[in-house]
Protein chains: 2
Amino acid sequence: MFLVYLCGMQQNLKSELTKQVIIDEAFRLFHENGFKTTSIDKIMLATKLTKGAFYHHYKSKKELGLEVIGSKLQNRVCQAMIEPLGAPGDVFHILENTFLNRIKTFSLYDKEHGCPMNNFINEIGDFEIVYQAALKNIIEAWKLALIKLIERGKKEGVIQNNVSSNAVAVYLISAFEGIRGIRKLYDNDLILDEYILGLAFYLKQLKTVK
Amino acid sequence: MFLVYLCGMQQNLKSELTKQVIIDEAFRLFHENGFKTTSIDKIMLATKLTKGAFYHHYKSKKELGLEVIGSKLQNRVCQAMIEPLGAPGDVFHILENTFLNRIKTFSLYDKEHGCPMNNFINEIGDFEIVYQAALKNIIEAWKLALIKLIERGKKEGVIQNNVSSNAVAVYLISAFEGIRGIRKLYDNDLILDEYILGLAFYLKQLKTVK
DNA sequence: CCAAAAACATACTAATTGGTATGTTTTATG
DNA sequence: CATAAAACATACCAATTAGTATGTTTTTGG
């Protein structure tokens, strides 16, 4: 298994590197201009490679789209929104950090172009079933991690027991994705501040009364 | 002013009727397949008219897009989401009816293709400033009507005073738009049920404790 | 060093795009 | 009824699209 790669290593690495460059530029252009309206030509112009190189590594735009969603996008969401939920520590601190504090630290680029996943969902969530499934995977993973955290909060007695963990998870995710779309329309952060205030109130209500 | 139209009435009416047909078909196709990927040809094929007719009434696709957003879309949102907020009656009944009960009555078509406004926002909210402004108009009108209702709730003593009306309005809208995107990924209403449960809990927390 | 395969480039295709130029038909008005 | 204008149709344009066919260059393994 290891020896097999000893000789073909250089070529194999080159191939993987090229694919990564294509994925990175594709993701960036999808994020900035949308999936459907970003052509293979534009992507390959950005990579400084040619169409021939693209169709050597991918059989279609659909295959690329699925890989961008299934690896690049999924990794980003995992790293930023899912993994932090599994960390030890105060449940409310974790919730505040991922859903509230983090949104303040977004770059102007991210505020202007919105959430890549939300963009995908709204543009091609009803386009083809394969994209639908790939995007649903990410949302489901996020939702599950969130439910787990809320359940922990209940067990530790810091979150009210009379509320469905699933419902809270879905409501948190919905509002987060919603505001990231709406923020696009504005040229300042006032709307984000209002969201943050609204979320802070919501989180406070989840706490068990002492 | 009135006499001017007395004679040209038939032609004027025909023009308005044709434009309405174009707007209706355009809105439908934008909703089903997105704005950027819906061509003038496709729209005019649906109207059973031709490209010549289109460019007689509109100078560009952009002009059509702006009219679809500024009239058709705005009217829809006003009718479904804004006007009900101004009606007399119990504040919580109104909130529940517009944000909670109404979502249950959506057709499969509306569930599959999501919220037209949210689709526009996420597809072209960062595309051109004119679209941005047109969409922001609608959101702002919605937000204002919602704030007014919440303020009324506070005055009537049914909504807690220690919560920002702006924050609640933005959080309600965000979650509503967010879930309408996410619902696209699923082939059943379970995720909607969870949203509804989450929202119901949220609304309950807004109530003044008796 | 040499063949074969992988990586990439060049040059195409047919279909679609927004938009225009130039018709023909319908309606309005003196 | 004549003529002008509005409403609509037909035929085009250059640019862009996803994808293919056929190259050339680089890497691999003997």
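Since the model is a prediction, treat every value here as computed from it, not as a measurement. Hydrogens, waters and symmetry mates are skipped; everything else that's a heavy atom, side chains included, is used. Throughout, a chain's letter reflects where its sequence line sits, starting with A, and its residues are numbered from 1.
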Does a side chain donor of either E16(B) or N12(B) reach within less than 3.5 Å of an acceptor in the other side chain?
-> no
Using atom CG of L17(A) as one end and atom P of dT26(D) as the other, report the distance to the nearest whole Å.
-> 17 Å
Would you mind reading off the distance between K36(B) atom NZ and dG18(C) atom P, rounded to a whole angstrom?
-> 13 Å
NZ or CZ of K184(B) within 45° of F127(A) ring axis and under 6.0 Å = no
Lys/Arg N to Asp/Glu carboxylate O, R28(B) vs E25(B), below 4.0 Å | yes
Among side-chain atoms of Y109(B) and E32(B), is any donor-acceptor pair under 3.5 angstrom?
-> yes
Measure centre to centre between the rings of Y171(B) and F201(A), then say whether the value is under 6.0 Å.
-> no
Length of the NZ-C1' vector between K59(A) and dA21(D), whole Å | 19 Å
Name every residue in residues 40-57 of chain B that has at least one heavy atom under 4.0 Å from any atom of DNA chain D, in order of residue number, or write none if there are no such residues.
-> L49(B), T50(B), G52(B), A53(B), H56(B), H57(B)
Examine R180(B) relative to F106(B) and say whether NZ or CZ is less than 6.0 Å from the centre of the six-membered ring and inside a 45° cone about the ring axis.
-> yes
Give me the residues of residues 25-33 of chain A where at least one heavy atom lies under 4.0 Å from an atom of DNA chain D, by number, or none.
-> none
For the side chain of K61(A) and the backbone of T38(A), is there at least one donor-acceptor N/O pair under 3.5 Å apart?
-> yes
Can you name the one residue among D126(B), N118(B), N119(B) that meets side chain to side chain donor-acceptor pair (under 3.5 Å) with N122(B)?
-> N118(B)
